[in-house]
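Some notes on the structure that comes next.
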Amino acid sequence: MTGHHRGHQGGFVQHTLEGLHDALDRALSADRSAQTRGLLQRLDPRVKVAGMAVLILACAMASKLWVIAAAFVLAISLALISSISVWSLVTKVWLATLTFSGALALPALFITPGTPVYQLPIVHWEVTRQGLTSAAYLVLRAETSATLAMVLVFTTPWAHVLKALRMFRVPVVFVVILGMACRYILLLLETTHEMFESRKSRTVGALTRSEQRRIAIQSTGALLSRTVYLSDEVFLAMQSRGFRGEVHILDDFRMKHLDWLASSGFAALAVTFLWMGR
């Protein structure tokens with residue numbers, strides 16, 4: 001029985017700490033990847049923001065499946081030459097995107113009228129060829145767009161992305177929301193990790209199921225209260241230091257020969273995808 005309780009204790013406190021540690025590691029892995037010496041890491045942030053944006057737009061407007069598939073292959077190639085592993089793509093992008101887009105695309109298999117290709121046993125629902133095509137368009141577009149967005153974030157420091165957005169006249173409200181959301185997510189993860197770490201250091205012996213539920217409820221309430229307090233403190237601190245929504249960094253953006261070449265390449269690829277995907 002004691003060993004059973006210890007398993008529950010480890011399953012609650014220890015597993016929560018491990019999950020929070022993994023979440024923090026994933027959140028910080030983008031900054032680490034942006035410091036590597038890949039090809040896209042050497043480009044001006046404005047080139048990458050504009051280039052990925054036009055490629056995502058071309059992918060969204062393409063009406064041919066093979067064109068979207070070609071854009072997907074291009075996104076994978078950009079990730080590989082930028083020192084982003086396929087495993088990172090699978091764990092950080094593809095699985096989550098497939099789960100979300102697959103859930104949205106699943107009804108299209110049955111409700112889209114067309115030529116039946118398969119019938120589910122028991123319920124006798126018919127899967128149509130047109131439904132499969134519609135679902136493939138949705139899933140492939142989502143996977144391609146998510147991969148391109150990840151390539152941008154994992155090859156560019158977040159502050160540089162925000163500054164590049166402001167240079168393209170993106171509304172300051174939108175940029176501030178992005179910047180503050182990222183900061184608060186990291187702050188929330190770190191605060192939660194510290195809370196559970198302190199809880200683990202004060203816990204002696206095994207925990208029953210009722211004690212685990214009580215700790216979970218108390219921790220959630222304390223975390224929400226602390227989050228509201230910290231958000232007010234951070235906002236006041238930023239206001240007192242003169243923050244009014246603009247992103248200021250020490251690095252100045254300068255276009256080089258490689259940046260102009262990459263800009264031409266992104267533009268040519270986007271035009272090609274738009275023309276061939278008509």
Side-chain angles (χ1 to χ4, degrees), residues 19 23 26 30 40 48-82 84-155 161 165 168-171 173-175 177-178 181-182 185 265-278:
R26 288 194 298 268
L40 291 185
K48 288 180 281 187
V49 170
M52 297 304 170
V54 296
L55 289 178
I56 291 174
L57 179 62
C59 175
M61 298 180 63
S63 58
K64 295 180 180 178
L65 198 60
W66 71 268
V67 174
I68 304 175
F72 184 53
V73 173
L74 172 65
I76 297 175
S77 302
L78 291 174
L80 294 178
I81 63 178
S82 303
I84 302 174
S85 65
V86 175
W87 179 249
S88 297
L89 295 175
V90 172
T91 56
K92 294 181 173 64
V93 179
W94 292 348
L95 290 179
T97 305
L98 179 62
T99 302
F100 181 76
S101 61
L104 296 177
L106 185 61
L109 300 177
F110 310 105
I111 65 176
T112 304
T115 306
V117 295
Y118 181 74
Q119 187 179 65
L120 293 179
I122 302 177
V123 295
H124 303 295
W125 291 351
E126 291 183 340
V127 178
T128 63
R129 187 185 308 276
Q130 289 76 8
L132 286 172
T133 302
S134 299
Y137 271 108
L138 176 59
V139 173
L140 194 55
R141 277 197 178 103
E143 292 285 3
T144 304
S145 300
T147 304
L148 289 170
M150 177 192 170
V151 170
L152 171 63
V153 174
F154 273 67
T155 58
V161 174
L165 290 175
F168 287 116
R169 297 296 184 266
V170 175
V173 174
F174 181 74
V175 175
I177 290 175
L178 283 178
C182 180
I185 288 174
F266 281 129
L269 287 170
V271 171
T272 301
F273 287 146
L274 287 172
W275 181 74
M276 300 183 70
R278 293 181 301 176

For the [atom1] atom of [X] and the [atom2] atom of [Y], what is their distance to the nearest 0.5 Å?
| X | Y | atom1 | atom2 | answer |
| --- | --- | --- | --- | --- |
| L74 | F273 | CG | CZ | 5.0 Å |
| I84 | L78 | CD1 | CG | 9.0 Å |
| L57 | L148 | CG | CG | 11.5 Å |
| M150 | L89 | CE | CG | 5.0 Å |

**CA sep, side-chain torsions, deciding dist, call: E126, V117, side chain to side chain contact (heavy atoms under 4.5 Å, CB included)** = CA-CA 7 Å; E126 291 183 340; V117 295; over 6 Å; no
Any heavy-atom pair between the side chains of [Y] and [X] that's under 4.5 Å?
| X | Y | value |
| --- | --- | --- |
| F154 | K92 | yes |
| V67 | M61 | no |
| K48 | V151 | no |
| L55 | L269 | yes |
| S77 | V73 | yes |
| K64 | M276 | no |
| V139 | L104 | no |
| T128 | L132 | no |

How close do [X] and [Y] get, counting heavy atoms only, and between which atoms?
| X | Y | value |
| --- | --- | --- |
| P107 | A103 | CD-O, 3.5 Å |
| F168 | A50 | CZ-CB, 3.8 Å |
| G131 | T112 | CA-CB, 3.7 Å |
| L140 | A69 | CD2-N, 3.6 Å |

Could you check whether any side-chain N or O of [X] sits under 3.5 Å from a backbone N or O of [Y], counting only pairs where one atom can act as donor and the other as acceptor?
| X | Y | result |
| --- | --- | --- |
| S101 | T97 | yes |
| Y137 | S63 | yes |
| R141 | A136 | no |

**Message:** Please enumerate all residues that pass side-chain contact (heavy atoms from CB on, under 4.5 Å) together with A135, with sequence neighbours excluded.
**Reply:**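 For A135, the residues satisfying side-chain contact (heavy atoms from CB on, under 4.5 Å) (neighbours in sequence not counted) are A105, L109.
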**Prompt:** Please, which pairs that meet ring-ring contact (aromatic ring centres under 6.0 Å, His included) have at least one residue in residues 61-81, sequence neighbours excluded?
**Reply:** F72-W94
**Item:** Residues that W125 engages under ring-ring contact (aromatic ring centres under 6.0 Å, His included), provided they are two or more places apart
**Value:** F110
**Asked** Is it the case that T144 and T147 place a side-chain donor and acceptor less than 3.5 Å from each other?
**Response** no
